[in-house]
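Here the structure is laid out as structure tokens; the discussion comes afterwards.
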2 protein chains.
Amino acid sequence: MGKFKLDEIDHQILDMLIDNTRIPFTDIAKKLVISAGTVHVRVKKMEEAGIIKGSSLTLDYKKLGYSFIAYVGVFLNNTSQTKFVLERISEIPFVTVAHITTGKFNIFCKVRAKNTSHAKDIIFLLDDIEGIYRTETMISLEESINDKKRLMHSIFNEL
Amino acid sequence: MGKFKLDEIDHQILDMLIDNTRIPFTDIAKKLVISAGTVHVRVKKMEEAGIIKGSSLTLDYKKLGYSFIAYVGVFLNNTSQTKFVLERISEIPFVTVAHITTGKFNIFCKVRAKNTSHAKDIIFLLDDIEGIYRTETMISLEESINDKKRLMHSIFNEL
DNA sequence: GGTGAAAGCACCGAGTT
DNA sequence: AACTCGGTGCTTTCACC
């Protein structure tokens with residue numbers, strides 16, 4: 001759970017892989033002027049340490065017909081039910097992430113849907129969960145994503 | 001921007017790649033009882049169509065020392081400044097995503113930080129942006145993520 | 001649109017410095 | 001810890017179906 005020591009070479013390797021996980025290790029090796037074997041060993045170590053949890057595709061959900069994003073704040077009848085309700089919410093398809101939060105809402109989640117009508121169906125599923133008193137929906141009109149590469153650079157420059 | 005026709009084989013290929021982008025195409029081919037060349041061509045087509053935007057590593061930010069997540073709701077003095085402020089917010093490091101939203105807040109963003117003290121620094125940067133009247137922070141106490149695989153399955157089963 | 005084979009490379013472990 | 005090297009096996013293309 002603690003920090004893990006990464007040196008400049010590790011940063012550079014992550015930096016290249018974060019943009020394209022299928023880039024050949026030989027290419028990485030050439031750019032960093034080290035051997036491909038070294039790249040291999042370092043990646044393996046970062047995997048073993050759990051820094052690299054896995055790899056995934058970045059899909060264009062808009063092109064798949066899912067261009068609707070909303071955040072939903074949830075108010076509970078009773079905060080002792082928080083954990084239970086979080087689990088119920090997580091089971092709903094198209095809820096991509098849910099958080100227990102401080103502040104205004106008890107639980108806070110993100111919904112990805114086809115359109116308003118589809119989102120309505122999903123939010124009705126939410127409202128039906130026992131223990132939920134009320135929900136408040138915020139529809140995303142425009143999204144501005146900061147890619148992982150920038151976050152990584154911020155992290156590396158701070159360490 | 002519209003939908004794109006994916007058949008069952010494409011679904012299966014995405015399904016395997018979404019969990020591990022470095023899985024050999026020969027393995028996918030074996031499981032689906034098609035040739036590796038076919039897998040290659042289909043992946044290429046999905047890339048060209050923009051369905052697959054890229055691939056990325058899944059990192060453990062907690063292990064890197066960044067275990068703090070908060071959502072910040074932003075109120076503006078004047079909604080005509082919304083676009084401008086969104087851009088300023090997106091420039092702040094550790095802001096991973098920002099949305100223009102309907103509802104309570106004008107803008108809504110997610111912050112990833114080391115700890116409360118670090119988050120405070122970031123939120124102060126937000127508060128300093130011209131045009132922002134007030135912010136409201138919700139700290140994540142617990143996160144429940146629904147992986148991409150589940151979202152994919154939901155999407156495929158609906159199509 | 002799919003196949004299968006072949007050429008070119010990449011991966012990754014073993015042995016060395 | 002990193003390098004080189006070599007066997008194994010993956011990727012990618014192309015003529016053919």
Side-chain angles (χ1 to χ4, degrees), chain A residues 2-60 63-65 148-149 152 155-157 159, chain B residues 1-60 63-65 148-149 152-153 155-157 159:
Chain A
K3 289 190 196 178
F4 182 87
K5 263 283 186 213
L6 297 181
D7 67 11
E8 189 52 31
I9 305 228
D10 293 323
H11 292 180
Q12 304 260 23
I13 292 173
L14 287 179
D15 199 48
M16 299 183 78
L17 283 176
I18 216 160
D19 258 4
N20 174 15
T21 57
R22 288 186 83 95
I23 187 176
F25 286 5
T26 47
D27 285 11
I28 298 176
K30 254 177 254 162
K31 235 174 218 168
L32 304 185
V33 201
I34 54 177
S35 79
T38 303
V39 176
H40 178 236
V41 169
R42 280 170 177 265
V43 169
K44 211 169 172 187
K45 272 188 191 161
M46 289 190 278
E47 280 170 351
E48 277 160 10
I51 301 281
I52 298 176
K53 285 198 284 191
S55 59
S56 190
L57 294 179
T58 310
L59 298 177
D60 190 330
K63 290 221 165 100
L64 289 168
K148 286 188 191 175
K149 196 157 189 161
M152 281 273 288
I155 289 177
F156 291 161
N157 291 332
L159 291 178
Chain B
M1 280 280 164
K3 287 189 196 181
F4 182 86
K5 263 284 185 207
L6 298 181
D7 66 11
E8 189 53 30
I9 306 228
D10 293 324
H11 291 180
Q12 305 258 26
I13 292 172
L14 287 180
D15 199 48
M16 300 183 78
L17 283 176
I18 216 159
D19 259 3
N20 174 15
T21 58
R22 287 185 84 93
I23 187 176
F25 287 3
T26 47
D27 284 11
I28 299 176
K30 256 177 250 161
K31 236 176 216 166
L32 303 184
V33 201
I34 54 178
S35 76
T38 303
V39 176
H40 179 238
V41 169
R42 280 172 176 264
V43 169
K44 213 168 172 184
K45 274 191 187 157
M46 290 191 279
E47 281 169 350
E48 277 161 9
I51 300 280
I52 298 175
K53 285 197 284 191
S55 58
S56 190
L57 294 180
T58 310
L59 299 178
D60 190 329
K63 290 221 165 101
L64 290 168
K148 287 188 188 174
K149 194 156 192 162
M152 283 274 287
H153 284 156
I155 289 176
F156 292 161
N157 291 333
L159 291 177

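The chains referred to below are lettered A, B, ... by the order of the sequence lines, with proteins before strands, and numbering in each begins at 1.
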Take the protein atom [atom1] of [X] and the nucleotide atom [atom2] of [N], then report the distance between them rounded to whole Å.
| X | N | atom1 | atom2 | result |
| --- | --- | --- | --- | --- |
| B/K45 | D/dT12 | NZ | P | 16 Å |
| B/I23 | C/dC11 | CD1 | P | 16 Å |
| A/I34 | D/dA1 | CD1 | C1' | 12 Å |
| A/R42 | C/dC12 | CZ | C1' | 17 Å |
| B/I13 | D/dT11 | CD1 | P | 12 Å |
| B/L32 | C/dG2 | CG | C1' | 14 Å |
| A/K30 | D/dC3 | NZ | P | 15 Å |
| B/L6 | C/dG1 | CG | C1' | 16 Å |

Does atom NZ (A/K31) have a neighbourhood of more than 12 heavy atoms from anything else shown, all under 6.0 Å?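 Not buried by this count: 12 neighbours or fewer within 6.0 Å.
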For the residue pair B/L59 and A/M152, establish whether any side-chain heavy-atom pair is separated by less than 4.5 Å.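 They are in contact (side-chain heavy atoms under 4.5 Å apart), so the answer is yes.
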Is any side-chain heavy atom of B/I9 closer than 4.5 Å to one of B/I13?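 Yes, side chains in contact.
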Would you say A/T38 reaches D/dA2's phosphate, i.e. side-chain N/O to OP1/OP2 under 4.0 Å?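 No, no such contact exists.
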Using a cut-off of strictly less than 4.0 Å, decide whether A/R22 has a side-chain nitrogen or oxygen near OP1 or OP2 of D/dT11.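 Affirmative; the distance criterion is met.
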Under 4.0 Å between any heavy atoms, over every strand shown, what does B/T26 touch: base, sugar-phosphate, or nothing? Just pick one.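 Touches a base.
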Residue met sooner reading DNA chain C from 5', once B/V33 and A/D27 are mapped to nucleotides: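 Closest to the 5' end, via its nearest nucleotide, is B/V33.
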Distances under 3.5 Å only, N/O to N/O: pair up the protein atoms with those of nucleotides 13-17 of chain C.
from: C/dG13; atom 1: OP2; to: A/K44; atom 2: NZ; distance (Å): 3.1

Just checking, is any N or O donor in the side chain of B/T21 or B/S55 under 3.5 Å from an acceptor N or O on the other one?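 No.
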Backbone of B/H153 reached by a side-chain donor or acceptor of B/N157 within 3.5 Å: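 Checking the backbone N and O of B/H153 against the side chain of B/N157, a donor-acceptor pair under 3.5 Å is found.
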Parallel, tilted or perpendicular: which describes the rings of B/F25 and B/H40, with under 30° parallel and over 60° perpendicular?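 Tilted, since the angle between the ring planes falls between 30° and 60°.
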